[in-house]
Amino acid sequence: MQKIVIDPITRIEGHLKIEATVDGGEVKDAKCVGTLFRGFEIFMKDRDPRDAVHITQRICGVCPTSHGTTAALNLDAAFGVADKIPNNGRILRNLIQGANYIASHIVHFYHLAALDYVDVTEVADYDGTDPELLKVKDFIARALAAGDMSMLAPFYPRYEGDYRLPKKVAQAAVAHYVEALNMRRLAHELSAIYSGRMPHSVAVVAGGVTSHPSIDSISSFMSKLNTLRHFIDNVYLPDVIAVAETYPDYFGIGVGCGNLLSYGVFDLEANGTNLATRQRLFTQGTVSASDLTLHTFDPNKITEDIKYGWFKGETNEYPLNEVTEPDHTKAEGYSWLKAPRYENTPYEVGPLARMVVNYVAGDPVVQKMVNDTLAHFGAGPAALFSTLGRHAARALECKIVADEMVKWVMELKIGEPVCADYEIPESAEGMGLWEAPRGALGHWIKIENHKISNYQCVVPTTWNCSPKDGQGVYGPVEQALIGTKVRDNDNPFELVRIVRSFDPCLACAVHLVSPTGNEISRFRVY
C-alpha cells in the first residue's frame with residue numbers, strides 16, 4: 001500500500017489536506033483534513049447579537065452573503081420577527097443572495113475546477129485574432145522565455161495528464177476563463193446595487209434590509225442581470241456540456257455517500273415561523289440515491305460528532321447545545337472539522353442536493369432541465385451522483401436562479417417598507433437555515449442579558465468534508481474518494497477532480513483570535 005498526501009488542495013477556498021491509501025491502483029482509505037482552526041464560536045460570545053450579521057460574513061470571502069443572510073434569519077427568529085419581514089425585504093435578500101450564487105458558480109467552474117480539464121498550454125501556438133487569447137499567449141511566452149514556470153500562476157503548478165479537449169475547444173475555454181473574470185466582477189456589482197458592497201454586505205440586517213428600491217436601481221439591476229444571463233446561457237452551460245461530453249466516465253466517478261440534504265433557499269412569501277411550511281424556490285428535504293424519494297426534513301435531527309475532530313469530548317450534540325473547545329492533542333483526531341450528521345447519517349449538501357430534492361419534489365422547471373440533460377448524455381438519474389453530476393447541477397441551478405431574479409426584481413414596490421422593527425430580547429434562542437452556493441448553512445444563537453451566550457455555525461463544507469463520526473462512518477468526500485482508481489500515484493488528478501467538484505470552502509480568509517479572545521487580530525486573503 002502507498003499513501004498519497006495532497007496538502008494543500010489548491011484552487012479551493014481555505015485549507016484542506018487529503019490523505020489517501022492506495023492499493024493496487026485503488027483508494028482503500030481516505031481522510032479529509034481541515035488544517036485550520038478559526039474559533040468563530042469562541043469570539044462571538046458576549047457580543048451584541050446584531051454583530052452576528054457582520055462578523056459571520058468574515059467566515060468566508062466568497063460566500064459572505066450567505067452567512068449574512070443566515071445570521072439575519074437567525075436573529076429574525078430570536079427577535080420574534082420572522083413572520084414580519086416586509087415583502088421588499090424578502091425580495092431584496094433574494095436578489096442579493098442570487099447575485100452571489102451567480103458569481104460563486106461562475107468562479108467555481110472557470111477559475112477553480114475547469115483547469116483540471118482544460119490545457120492552457122494549447123494557447124501557446126494560437127494563431128487567431130481573439131484579443132483575450134492573444135494576451136494569454138503572450139503571458140505564456142514571457143514565462144517560457146524567462147524559464148520560470150512559476151510566472152504562469154494561477155495556471156501552474158498543476159497535475160499533468162488526461163487533457164482530452166480538442167485544441168480549438170480548449171482555446172475557446174481559456175478565452176471564456178478570462179471572460180468569466182469580468183462576469184464575476186459584474187455579479188459583484190449586481191449584488192452591490194442593493195447590498196452596499198461586495199464582499200461583506202452592509203445592507204442585510206435583522207428584520208430585512210436597509211436599502212430601498214428605485215426606478216434607477218431596478219433598471220441598473222436588470223441591465224447587469226441580463227448580461228450575466230446571456231453569459232450563462234451561451235457560454236457557461238455550453239462549456240459544461242463540452243467538458244461532460246469529453247469526460248463521460250466522470251459520470252461514474254466520485255459518487256459519494258448517496259444521501260442528499262437541502263434546507264431550501266430563496267423565500268417566495270413572507271417568512272413564516274414554521275420552517276416546515278415555508279415556501280422557497282429550492283425546497284427543503286432529504287433524498288437518498290437508493291430510492292429517490294423525498295423525505296421531510298426535521299432540523300431537530302441535526303447533530304455534530306467530534307470523535308475524530310480536534311475538539312474536547314466525544315459528544316454528538318444538537319448545534320445549539322454545543323460547546324466548542326479545541327484540543328489539538330486529541331489522539332484520534334485528524335481534522336479541525338466536526339462531523340455534521342442528520343439522523344446519525346452523513347449527507348452531501350450543495351447544488352446537487354438542491355437540484356435532486358427539487359427534481360424528486362416534482363418541480364417542473366427542474367425536472368425538464370435535468371431530464372433534458374440526462375437524455376442528452378443517454379444517462380439515468382444515477383449519473384447525477386458523480387463528479388460531473390455536481391458540475392451539471394451547479395450550471396443548471398445558476399440558470400434557474402438568474403431567470404427567477406428577473407421576476408423578483410419586477411415584484412419590488414418602490415416606497416414600501418424594507419425592514420421590520422424589533423427589540424433585542426433579554427434572553428432568546430434562534431435558528432437560521434439557508435443555503436450558501438456550496439450547500440446547507442445553519443446558524444444557531446442563544447441570547448442572555450441581551451448578549452450572545454452561544455453561537456454555532458454548521459457550514460456546507462463541514463457537511464461535505466467532515467471526518468469520520470463516532471460510528472466510524474466516513475464523511476461524503478471521503479466516501480467519494482474511496483474506491484477511486486488512480487493511474488499514477490505521483491499525479492493523482494482523479495482525486496483532485498473529485499474533491500473540487502464539491503467546491504469545498506474552508507474559508508478563503510484566515511481569521512485568528514487575539515489574545516483577549518474578543519477581536520479579529522489578523523485578516524488575510526488568499
Taking the six-membered ring for Trp, are [X] and [Y] parallel (under 30°), tilted (30 to 60°) or perpendicular (over 60°)?
| X | Y | answer |
| --- | --- | --- |
| Phe311 | Phe37 | perpendicular |
| His111 | Tyr177 | perpendicular |
| Phe231 | Tyr110 | tilted |
| Phe297 | Tyr263 | tilted |
| His105 | Tyr101 | perpendicular |

Can any side-chain N or O of [X] pair as donor or acceptor with the backbone N or O of [Y] at less than 3.5 Å?
| X | Y | value |
| --- | --- | --- |
| Asp327 | Trp310 | no |
| His391 | Ser501 | no |
| Trp434 | Leu441 | no |
| Asn88 | Pro213 | no |
| Asn454 | Ile445 | no |
| Asn226 | Met222 | yes |
| Glu304 | Asn316 | no |
| Lys330 | Gly313 | yes |
| Arg280 | Gly264 | yes |
| Ser335 | Val33 | no |

Kindly indicate, with the supporting measurements, whether the criterion side chain to side chain donor-acceptor pair (under 3.5 Å) is fulfilled by Arg438 and Ser104. CA-CA 9 Å; Arg438 289 161 181 81; Ser104 181; 3.3 Å; yes
Does a side-chain heavy-atom distance below 4.5 Å link [X] with [Y]?
| X | Y | value |
| --- | --- | --- |
| Pro340 | Ser466 | yes |
| Ile452 | Asp46 | no |
| Arg394 | Asp503 | yes |
| Met44 | Thr56 | yes |
| Tyr308 | Lys468 | yes |
| Leu433 | Thr70 | no |
| Thr324 | Lys338 | yes |
| Glu404 | Leu281 | yes |

Ionic contact status for Arg229 with Asp403, cut-off 4.0 Å: yes
Nearest heavy-atom neighbours spanning [X] and [Y]:
| X | Y | value |
| --- | --- | --- |
| Arg390 | Leu352 | CG-CD2, 4.0 Å |
| Pro86 | Pro417 | CB-O, 3.4 Å |
| Thr461 | Cys505 | OG1-N, 2.7 Å |
| Pro64 | His200 | CB-ND1, 3.3 Å |

For Glu397 and Phe282: C-alpha separation, side-chain torsions, deciding distance, then whether side chain to side chain contact (heavy atoms under 4.5 Å, CB included) applies. CA-CA 10 Å; Glu397 179 182 70; Phe282 290 99; 3.6 Å; yes
Kindly compute the distance separating [atom1] ([X]) from [atom2] ([Y]), expressed to the nearest 0.5 Å.
| X | Y | atom1 | atom2 | result |
| --- | --- | --- | --- | --- |
| Leu115 | Tyr156 | CG | OH | 10.5 Å |
| Glu317 | Ile306 | CD | CD1 | 8.5 Å |
| Arg184 | Glu179 | CZ | CD | 15.5 Å |
| Glu269 | Asp83 | CD | CG | 11.5 Å |
| Leu260 | Trp463 | CG | CH2 | 12.0 Å |
| Ser453 | Ile447 | OG | CD1 | 8.0 Å |

Quick note, side chain to side chain donor-acceptor pair (under 3.5 Å) partners involving residues 189-198, not counting sequence neighbours, are Arg185-Glu189, Glu189-Lys224, Ser191-Ser195, Tyr194-Ser217
Determine whether the side chains of Ser427 and Lys446 contain a donor N or O and an acceptor N or O closer than 3.5 Å. no
Does the pair His67 and Val53 meet the rule for a side chain to side chain contact (heavy atoms under 4.5 Å, CB included), with working shown? CA-CA 7 Å; His67 281 284; Val53 174; over 6 Å; no
Test of understanding: with salt bridge (charged side-chain N to carboxylate O under 4.0 Å, His left out), list the residues that count as partners of Glu343, not counting sequence neighbours. Lys301
Which of Arg50, Arg93, Arg90 passes salt bridge (charged side-chain N to carboxylate O under 4.0 Å, His left out) with Asp76? Answer is Arg93
Go through the steps for Lys399 and Tyr236 under the test side chain to side chain contact (heavy atoms under 4.5 Å, CB included), then give the verdict. CA-CA 9 Å; Lys399 174 174 173 55; Tyr236 182 16; over 6 Å; no
Considering residues, nucleotides and ligands other than Gln471, do more than 12 of their heavy atoms fall under 6.0 Å from its CD? no
For Asp421, look at atom CG and say whether over 12 heavy atoms of other residues, nucleotides or ligands are found less than 6.0 Å away. no
